[in-house]
*Asks:* 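Here it is, the structure in full.
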Amino acid sequence: MENEKGENPSTFKMGNSAQERSSPYVPDCYVVPPSCEPRDALSSNSEIVPTIDISRLKGSDDERRGVIQELSLACERFGFFQIVNHGINQNILDDALAVAKGFFEQSAKEKKKFMSEDVYAPVRYTTSIKDGLDKIQFWRIFLKHYAHPLHRWIHLWPDNPPGYREKMGKFCEEVRRLSLEIMGAITESLGLGRDYLSSRMDENGMQAMAVNCYPPCPDPKTALGLPPHSDYSCITILLQNLAGLEIFDPRANGGSGRWVIVPEVKGVLKVHIGDHVEVLSNGLYKSVVHKVSLNEEKTRISLASLHSLGMDDKMSVPYQLVNDENPIRYRESSFNDFLDFLVKKDISQGDRFIDTLRIKD
């Protein structure tokens with residue numbers, strides 16, 4: 001049935017979505033009910049978001065121990081932290097954001113070359129999460145592509161706008177280098193040593209890029225760019241041009257939690273702890289629940305680089321973290337297992353991959 005505006009209120013297909021067409025109103029299928037996502041829990045107290053000077057990992061032994069402690073506390077409390085002095089040149093960050101923006105500004109014909117509803121596809125352009133299948137649609141357009149090993153995938157990426165492959169490729173290489181450094185610090189903080197996962201992630205690990213565009217939304221209070229969720233990955237390193245990322249602090253308000261707006265500071269990168277680090281830590285570190293809010297006037301671009309073990313390489317709880325007091329709390333799983341989950345489940349309704357991995361007492 002069509003509504004009074006002559007449109008089907010249940011869904012919009014790729015290439016004709018409300019966000020792609022710059023709709024002057026929010027269609028019914030984008031409206032997030034307050035019962036599913038309460039807005040009054042939001043807090044703008046961004047000062048509590050941890051910020052870590054990652055360059056100190058290369059300092060003295062005392063400096064490194066200090067950073068490891070800061071990182072451990074952030075992973076336990078939030079599953080999230082920001083990093084400064086990460087060593088990636090600002091020009092590389094700016095260029096990556098620019099070519100991402102350029103891709104989304106192209107004609108529908110150009111973008112249609114990469115349209116796909118196949119979540120297993122190594123390169124795909126789509127909208128929302130799963131077009132036409134989710135009960136609630138989200139005000140998002142994105143291009144996903146694999147990025148490691150770069151030589152295996154880069155020829156499948158868009159070659160328009162000019163320089164996309166070169167500039168996004170450089171960003172991916174730099175962020176991947178940084179991800180290995182951070183993962184070494186995480187495994188060291190767990191008492192596993194900095195090299196516990198290094199060879200598995202360096203040689204055969206996966207890097208998936210989610211290049212996101214959140215166009216201006218005529219009523220940001222009724223819709224979302226992405227619903228509350230956690231990432232499947234070990235870690236996700238995020239670059240954004242505008243604020244919009246919000247993380248959930250589960251310990252606030254006496255344990256009832258609250259949402260915290262992550263501020264945008266030029267050159268600062270955000271690090272999400274994903275489901276596979278929660279498994280790795282046997283529950284000591286929690287994957288961060290986060291969402292994306294919208295802007296009424298500006299387009300938000302974000303580059304999310306998700307880092308994990310190989311496609312079929314299983315993350316499991318290390319025996320070093322298991323004893324009589326701390327039994328194994330999670331089943332092993334892989335990136336491919338997550339994709340299978342994504343096909344079957346609807347994360348807009350609160351389904352989380354990590355919940356399928358927890359072993360019940």
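This one's a predicted model, so the numbers in the text were calculated from it and none came from an experiment.
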*Asks:* State, to 0.1 Å, how close R331 and R358 come at their nearest heavy-atom pair, and which atoms those are.
*Replies:*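 That would be NH1-O, 3.0 Å.
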*Asks:* Determine, stepwise, if the pair R77 / D249 fulfils salt bridge (Lys or Arg N to Asp or Glu O under 4.0 Å).
*Replies:* CA-CA 8 Å; R77 172 69 190 272; D249 177 6; 2.7 Å; yes
*Asks:* If you define the side chain from C-beta out and look only at heavy atoms, does anything of F80 sit under 4.5 Å from V49?
*Replies:* yes
*Asks:* Under the criterion side chain to side chain contact (heavy atoms under 4.5 Å, CB included), I'd like the reasoning laid out for R124 against F114: C-alpha separation, chi angles, the key distance, then a yes or no.
*Replies:* CA-CA 5 Å; R124 70 184 182 113; F114 303 95; over 6 Å; no
*Asks:* Applying side chain to side chain contact (heavy atoms under 4.5 Å, CB included) to V277 and M183, what does each step give before you reach the verdict?
*Replies:* CA-CA 9 Å; V277 161; M183 278 305 302; 4.1 Å; yes
*Asks:* Report the distance from atom CG of D275 to atom CG of D355, rounding to the nearest 0.5 Å.
*Replies:* 8.5 Å
*Asks:* Is there a donor-acceptor pair closer than 3.5 Å between any side-chain N or O of N323 and the backbone N or O of N326?
*Replies:*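 Side chain of N323 to backbone of N326, a donor-acceptor pair under 3.5 Å: yes, one is there.
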*Asks:* Hydrophobic clusters join Ile, Leu, Val, Met, Phe, Trp and Tyr when side-chain heavy atoms are under 4.5 Å apart, directly or via other members; which others share one with V265?
*Replies:* V84, V268
*Asks:* Can you measure from CH2 (W139) to CG (L294) and round to the nearest 0.5 angstrom?
*Replies:* 8.0 Å
*Asks:* From N160 CG over to R165 CZ, what is the distance, rounded to the nearest 0.5 angstrom?
*Replies:* 9.0 Å
*Asks:* For E174, give me all partners under salt bridge (Lys or Arg N to Asp or Glu O under 4.0 Å), at least two apart in sequence or on another chain.
*Replies:*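 For E174, the residues satisfying salt bridge (Lys or Arg N to Asp or Glu O under 4.0 Å) (neighbours in sequence not counted) are K170, R177.
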*Asks:* S305 versus Q207: any side-chain heavy-atom pair under 4.5 Å?
*Replies:* yes
*Asks:* Under 4.5 Å between any side-chain heavy atoms of V211 and F103, yes or no?
*Replies:* no
*Asks:* Can you name the residues that form a side chain to side chain donor-acceptor pair (under 3.5 Å) with N295, not counting sequence neighbours?
*Replies:* none
*Asks:* Please report the closest heavy-atom contact between S287 and G274, naming both atoms and the distance.
*Replies:*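 Minimum heavy-atom contact is CB-C, 3.4 Å.
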*Asks:* Taking the side chain from K112 and the backbone from S107, do they hold a donor-acceptor pair closer than 3.5 Å?
*Replies:* no
*Asks:* Run the side chain to side chain donor-acceptor pair (under 3.5 Å) test against R64 and tell me which residues pass, sequence neighbours left out.
*Replies:* E188
*Asks:* Applying a strict under-4.5 Å side-chain criterion to I, L, V, M, F, W and Y, I'd like to know whether I186 and L73 cluster together.
*Replies:* no
*Asks:* Show every ring pair (Phe, Tyr, Trp, His ring centres under 6.0 Å) that has at least one partner inside residues 196-238, sequence neighbours left out.
*Replies:* H229-H290, Y232-F335, Y232-F338
*Asks:* So, do L245 and S302 sit near enough that their side-chain heavy atoms are less than 4.5 Å apart?
*Replies:*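 Result no, sub-4.5 Å side-chain heavy-atom pair not found.
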*Asks:* Kindly write out the residues that satisfy side chain to side chain contact (heavy atoms under 4.5 Å, CB included) with L150, not counting sequence neighbours, or none if the list is empty.
*Replies:*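 Residues passing side chain to side chain contact (heavy atoms under 4.5 Å, CB included) with L150: I154, W157, E173.
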*Asks:* My understanding is that only residues two or more places apart in sequence, or in another chain, count here; which of them pass side chain to side chain contact (heavy atoms under 4.5 Å, CB included) with S199?
*Replies:*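 By the side chain to side chain contact (heavy atoms under 4.5 Å, CB included) rule, S199 matches E203.
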*Asks:* For Q106 and G102, which heavy atoms make the closest approach, and how far apart are they?
*Replies:* CG-O, 3.3 Å
*Asks:* Please examine the side chains of N212 and R140, heavy atoms only from C-beta on, and report whether any two atoms are closer than 4.5 Å.
*Replies:*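 They are in contact (side-chain heavy atoms under 4.5 Å apart), so the answer is yes.
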*Asks:* Test salt bridge (Lys or Arg N to Asp or Glu O under 4.0 Å) on E20 and K111 and set out the steps.
*Replies:* CA-CA 11 Å; E20 288 173 295; K111 290 179 286 190; 5.3 Å; no
*Asks:* Of all heavy-atom pairs between C217 and A223, which one has the smallest distance, and what is that distance?
*Replies:* SG-CB, 4.2 Å
*Asks:* Answer yes if L242 and F138 sit in the same cluster of Ile, Leu, Val, Met, Phe, Trp and Tyr residues linked by side chain heavy atoms under 4.5 Å apart, and no otherwise.
*Replies:* no
*Asks:* How about Y30 and D219: does a side-chain donor come under 3.5 Å of a side-chain acceptor?
*Replies:* no
*Asks:* Look at the side-chain heavy atoms of Ile, Leu, Val, Met, Phe, Trp and Tyr, link any pair under 4.5 Å apart, and say whether M115 and L156 land in one connected group.
*Replies:*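 Per the 4.5 Å side-chain linkage, M115 and L156 are co-clustered.
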*Asks:* Hey, mind stepping through M315 and C234 against side chain to side chain contact (heavy atoms under 4.5 Å, CB included) and telling me if it holds?
*Replies:* CA-CA 9 Å; M315 178 65 80; C234 292; 3.6 Å; yes
*Asks:* Does the salt bridge (Lys or Arg N to Asp or Glu O under 4.0 Å) test come out yes or no for E264 and K270, once each step is laid out?
*Replies:* CA-CA 10 Å; E264 176 47 37; K270 330 293 181 185; 3.7 Å; yes
*Asks:* Answer yes if I359 and F353 sit in the same cluster of Ile, Leu, Val, Met, Phe, Trp and Tyr residues linked by side chain heavy atoms under 4.5 Å apart, and no otherwise.
*Replies:*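 They do share one cluster, since a chain of ILVMFWY contacts under 4.5 Å joins I359 to F353.
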*Asks:* Tell me yes or no: between the side chains of T187 and R194, is some donor less than 3.5 Å from an acceptor?
*Replies:* no
*Asks:* Sequence neighbours left out, what passes side chain to side chain contact (heavy atoms under 4.5 Å, CB included) with S293? Give chain and number order.
*Replies:*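 S293 satisfies side chain to side chain contact (heavy atoms under 4.5 Å, CB included) with E246 only.
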*Asks:* Please evaluate residues W153 and H145 with respect to the criterion side chain to side chain contact (heavy atoms under 4.5 Å, CB included), reporting the C-alpha separation (whole Å), side-chain torsions for both, the decisive distance (0.1 Å), and the verdict.
*Replies:* CA-CA 8 Å; W153 305 113; H145 51 63; over 6 Å; no
*Asks:* Per the side-chain contact (heavy atoms from CB on, under 4.5 Å) rule, which among D337, V279, L309 passes with K314?
*Replies:* D337
*Asks:* H276 vs S333, test: side chain to side chain donor-acceptor pair (under 3.5 Å). Steps then yes/no.
*Replies:* CA-CA 8 Å; H276 276 163; S333 68; 2.8 Å; yes
*Asks:* Would you indicate whether the side-chain heavy atoms of D94 and F171 approach each other to under 4.5 Å?
*Replies:*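 No, their side chains stay 4.5 Å or more apart.
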*Asks:* Closest heavy-atom contact between P220 and P218?
*Replies:* CD-C, 3.8 Å
*Asks:* Considering all heavy atoms of both residues, which atom of L280 and which atom of P318 are nearest to each other, and what is their separation?
*Replies:*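 What the structure gives for the nearest pair is O-CD, 3.0 Å.
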*Asks:* Run the side chain to side chain donor-acceptor pair (under 3.5 Å) test against R65 and tell me which residues pass, sequence neighbours left out.
*Replies:* D62
*Asks:* With a 3.5 Å cut-off and no angle check, do the side chains of S72 and Q69 form a donor-acceptor pair?
*Replies:* no
*Asks:* Tell me every residue that passes ring pair (Phe, Tyr, Trp, His ring centres under 6.0 Å) with H148, counting only those two or more places apart in sequence or in another chain.
*Replies:* none
*Asks:* Please name all residues satisfying side chain to side chain contact (heavy atoms under 4.5 Å, CB included) with D202, sequence neighbours left out, ordered by chain then number.
*Replies:* R176, L180
*Asks:* Please tell me if the side chains of V32 and T222 come closer than 4.5 Å, counting only heavy atoms from C-beta onward.
*Replies:* no
*Asks:* Going by heavy atoms in the side chains, are L178 and L269 under 4.5 Å from each other?
*Replies:*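 Yes, close enough: below the 4.5 Å cut-off.
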*Asks:* How long is the span from the CG atom in L197 to the NE2 atom in H307, to the nearest 0.5 Å?
*Replies:*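 With rounding to 0.5 Å, CG (L197) is 14.0 Å from NE2 (H307).
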*Asks:* Taking salt bridge (Lys or Arg N to Asp or Glu O under 4.0 Å) as the cut-off, I'd like each qualifying pair that reaches into residues 145-163, sequence neighbours left out, listed once.
*Replies:*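 For residues 145-163: none.
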